[in-house]
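Inspection log for the structure reproduced underneath, given as structure tokens.
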Amino acid sequence: MPTPSRAWREFPQRYRLEAGKCKKCGAVSFPPRLVCPVCGWREFSKTKLAENGKVLTYTIIRVPPHQFADQAPYAVAIVELSDGVKVTGQVVDCDFDKIKIGLRVKFEFRKMYSEGEAGVIYYGYKFVPA
Amino acid sequence: MREVAVIGVGMTKWGELWEKSLRQIFVETALLALEDAGVGRIDSMYIGSMSPGLFIGQEHIASLLAEYLGKIPVPAVRVESACASGGVALRQGFIEVASGLSDIVLVGGVEKMTDVDGSEATYALGTAADQEYEGFHGITFPGLYALIARAHMARYGTTREQLAMVAVKNHDNGSMNPLAQYPFKITVDAVLNSVLVADPLRVLDCSPITDGAAVVILSSLSTARKLKKPLIKIAGSGHATDTIALSSRKDITWLESTFQAAQKAYKMAGKKPKNIDLVEVHDCFTIAEICVTEALGFFDIGKGGEAVQNGLTSLKGKIPVNSSGGLKAKGHPVGATGVAQVIEIVKQLRGEAGQRQVKKARVGMTQNMGGSGGSALVHIFERI
Amino acid sequence: MHGIVGYGAYIPRNRIKVEEIAKVWGADAPSYKKGLMLEEKSVPSPDQDTITMSVEASKNALRRAKINPADIGAVYVGSESHPYAVKPSGTVLAEAIGATPDVHTADLEFACKAGTEGLFLVLGLVKAGEIKYGLAVGADTSQGAPGDALEYSAAAGAAAFIVGKENVLAETIETYSYTTDMPDFWRREYQYYPRHGGRFTGDPAYFKHIIGAAKGLMAKAKIKPIDFNYVIFHQPNGKFPLRVGEILGFRKEQILPGWLVSKLGNTYSGSSPLGLTATLDISKPGDMIMIVSYGSGAGSDGFIFKVTRRIQEARDLAPKTRDFLDKNKNYLEYGVYAKFRGKIRKAE
């Protein structure tokens, strides 16, 4: 169960898709890191993820974790963005039988879930057909 | 580095053990292992358990179990690497004996998963994934492996039926294992008609929620000789990590950590895939078994599904995989799995596997994996 | 000169037809369809709310405005369905578009005119030179009580406007607001659904305030109905805006491009704002547009805009209102609609 502070720390990524670009090898890390996963360099410049991509693989979750209980069934995919970065996210506004490997998608700002009727509402990104 | 042997094994029936608590399950199992080894004294304990904190609200189980086993003040520690916790416990125990620091080490694994409901259990298991970039989006473990399955099927033509055959084979084997959670056979049709969990994976593609423990006793080879035990030595040990998130992998269908760990184990043991007589792999989901057999070098990349279909991994096949019934039929109390795999190999190498016996088994392998492949342990055992 | 620099719309893709709702409550669908000129309405998915729609509409407005979001000095979200009772929608929006931290934010509420309220405020701030650009959004996912007349029309949508002095695509000619205290439609704190005064919401409420605002605005600007290319009124149903237009002396052709309600429903704070975005989508340089909103309680905000040459370049930079309204629709059955709208009582 996340806490508000844990989610708040990720707002630049979840709200604005902010990523880090390695100053040495140019690899983009999302979320940004302290150590480049490709070359080990420690200096980065700020960048943003590309808005569009295509589905690499996907599934339909029918047995959800409890905070997503009301949303099931829902589709989750690994999307390869046009800048090469791969991101996991739900695919919504798309009939399940229309989702396939290679489907063109784009980011959209959506509500992820809330902690019951009285808790914080967590927002983030999902994918919709482009 | 000294040579290390497995001198004792202990395992009780796995399942939904409503009447037994975590400490009870572990101690009963450990006592069996100590009896089998014929030793009273141990020098230290390594216990693998993924999350007693989330499942039963209990941390610090190393001291709890050392005390309940009657072994305090012996050093004890709980190790964790998601579903590879048992494998890590084995590796750490192996290192401690091999280094000469200890002579007899108890290596165990335990998980008590039924004190929370299914939805909580799914959440707890999900903490093996990247919480902020996978879990936050609603992915589950069946979901992650379903992502791998769909990609493997699209790229290599692996079929839904081939996945089902993995479960059927493991149940065939498990039906001969009296300690298994589900000691009965199933059919391909039953798998294909079972309820969808995360497309394309269905309930019968998935390992179950299980309570259970498994314990082995390690000692130096010289001590093992003195005890006049069948000599089963740990010939090779390999351990490797990989990205925690599936989306960060270079190739979603390839289990790099298993490949890396296997390379190290093969090298240490001086063995190749063709030298392995049987292997216990981490079939948390049917697709996992297929990918693992490829990463271990038993089949070419993409050919793991075909291999199952052609019977190459059945008990009488070229390389019997999961003679115990695997996680699917035997059960998967997360932290215990890595140790239970060792027990099956030891029994096979000792010739004590009853109806499941693989003829002339001399060299066996175990592969234990955490999360969607973020960690992997491969061990090779040899009867000498 | 100051005015609209960028505009954007967002409408969820789910729809439910009047017949589907009437079937469940045993009501006479044809009389709703004919009497209120309603056919279907938009329904938000469970993962959409006023905030998510505001963000997407604002991103579309930014695409047309082509400005650096950090230069936005004020962000106002007007809604009667803010996700929190206490914690602004505006801060999430400002954070999501990158306008923080140098920004003023406020959440606004005034039944269906909360969206134009924000527009009223940012126009004033920009004109006074207090901010370089301002963002005003009208968005709602309002609820109608099950079985009540409002259930047939309460819909979801968002419209966003970025206002400034440079690169204006619609210049502000005049603004005027007409307000009285009027209990025609209300919702008490902690109540789930609003209530209304039935026919009391017509002549003394909607009509009086829209007519008062329109006449006051046209008098202030010295412009007559015949001088406008288009006019947009608040759309609680299909009939009211056509009738008030007729009363004021407008022709149907002036009203229709911004008349979305029969296929959209009443998007409350998004209602006349979405009519404006739809009108801007088809407007030409030189067009004169009047928009008069209405919020129960009650009041009307009126604005007159003159479209500039820049509309030709800006119009195609983001999806058009009718793209959201007409394309890719997903029709729901009442059960799924009730589940999506949280109308089914569940276990704790």
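All values below were derived from every heavy atom in this structure, side-chain atoms included, with hydrogens, water molecules and symmetry-related copies excluded. Letters A, B, ... are given to chains in the order of the sequence lines, protein chains preceding strands, and every chain is numbered from 1.
- Residues T140(B) and P65(A) are in side-chain contact: their nearest non-hydrogen atoms beyond the backbone lie under 4.5 Å apart.
- Residues Y133(B) and Q13(A) have side chains in contact (heavy-atom distance under 4.5 Å, counting atoms from C-beta outward).
- Considering every non-hydrogen atom in both A198(B) and I61(A), the closest pair reads CB-CD1, 4.2 Å.
- When all heavy atoms are compared, the tightest approach of A146(B) to T59(A) is CB-OG1, 3.2 Å.
- Using a 4.5 Å cut-off between heavy atoms, I252(B) touches chain A through its side chain atoms alone.
- Only the side chain of I101(A) has a heavy atom closer than 4.5 Å to any heavy atom of chain B.
- Between Y125(A) and H137(B), the ring-plane angle classifies as tilted under the 30° and 60° cut-offs.
- Counting heavy-atom pairs under 4.5 Å between each of F30(A), F68(A), Y58(A) and chain B puts Y58(A) at the top.
- Side chain of Y122(A) to main chain of F136(B): no donor-acceptor pair is present (N/O by atom type, distance under 3.5 Å, no hydrogens or angles).
- The interface of residues 39-53 of chain A with chain B, defined by heavy-atom distances below 4.5 Å, is empty.
- What you find for K86(A) and S247(B) is that their closest heavy atoms are CE-O, 3.1 Å.
- For L246(B), the parts sitting under 4.5 Å from any heavy atom of chain A are the backbone and the side chain alike.
- Residue contact with chain B, scored on non-hydrogen atoms closer than 4.5 Å, is absent for A75(A).
- Separation of atoms CG (L147(B)) and OG1 (T57(A)) is listed at 5.0 Å; rounding is to 0.5 Å.
- Listed options K126(A), R14(A), E80(A), R9(A) were ranked by heavy-atom pairs under 4.5 angstrom with chain B; first place goes to R14(A).
- For chain A, the option among L125(B), I139(B), D117(B) with the highest count of heavy-atom pairs below 4.5 Å is I139(B).
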